[in-house]
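These notes are about the structure you will find just below.
Every number for a ligand or one of its atoms is a count from 1 in the order of the listing.
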Amino acid sequence: MDIRYLGHSAFEIETQGKKILVDPFLVASPNYKPEGITDIFVTHGHGDHLGSAIEISRETGAPITAIFELANYCAKQGASTIDIGLGSWQNYSWGKAAAVPAFHSSSTPDGHYAGCPCGFVFNFEGQTIYHAGDTCLNSEMKMIGEVYEPDMVMLPVGGKYTMDIEQAVTAAEWLGATAVVPMHYNTFDAIRVDIGEFERQIREIGKMPMVMKLR
Ligand code: NI
Ligand code: MN
């Protein structure tokens, strides 16, 4: 498994020769070439998450997995799609994934209803990774910890629109994961944080902070 951080809440996860893109908003990685993408996951319709998903799907043929209403929007724009609801595991060529609750809002770039926002849990190579999308701290994370038992969690820490560092530390405890990856911070002024503070607080609760560098 190889995880590449593309900035904001965007990640490219490589497993077994397949590549999964999550929330491909690529302003921080303008030179990134989406080659050999197998699947794209989008947590909600906001521009900083939908990003280049539709264009990449059109170019590569990789389907976008998203909540029903958002998937329909993407399909109308010419993307290939896999629609889902919050619920059970769905199978993919590289493993399985489930959409889980996120507390936020969701609309398409032209202002239409995009269904509920979500997070995703991925399972492959015996590892479970949780990408929270945009969300506040919420008690569903206790359920996600108990039911999915994630090894690694990707949590927004920038505050303002999502959890802040302190709330992400509580989330990390509830989720029970060992490795905690911060996201959704420092992309613009409203979500600027001291990421060293995140590292300090995550270490304090005996977990591993994984601040990923762009590459
Ligand atoms: Ni959002
Ligand atoms: Mn966002």
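When distances to the Ni ion (ligand 1) are checked against a cut-off of 2.8 Å, H44 contributes an N, O or S atom below that limit. For residue D48, no N/O/S atom approaches the Ni ion (ligand 1) to within less than 2.8 Å.
Within the cation-pi definition used here (under 6.0 Å to the ring centroid, within 45° of the axis), K142 qualifies as a partner of W174.
Under the side-chain contact (heavy atoms from CB on, under 4.5 Å) test applied with I202, the options V157, L155, V180, I165 reduce to a single match, V180. Checked against F122 for a side-chain contact (heavy atoms from CB on, under 4.5 Å), the options T15, T128, V22 give a single hit: V22.
Nearest N/O/S atom of H104 with respect to the Ni ion (ligand 1) is recorded as NE2. Within D48, the N/O/S atom positioned nearest the Mn ion (ligand 2) carries the name OD2. Closest N/O/S atom of D134 to the Mn ion (ligand 2): OD2.
For the atom pair CG (D23) and CZ (F41), the distance works out to 11.0 Å, reported to the nearest 0.5 Å.
Between the NE2 atom of H184 and the NE2 atom of H49, the angle taken at the Mn ion (ligand 2) works out to 100° after rounding to 10°. With the Ni ion (ligand 1) as the vertex, atom OD2 of D134 and atom ND1 of H46 span an angle of 180° (nearest 10 degrees).
K207 and D151 are not joined by a salt bridge, as no carboxylate oxygen comes within less than 4.0 angstrom of a charged side-chain nitrogen.
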Review point. Where do E197 and R200 land on the salt bridge (Lys or Arg N to Asp or Glu O under 4.0 Å) test, with the steps shown first?
Key: CA-CA 5 Å; E197 185 57 25; R200 197 185 61 71; 2.7 Å; yes
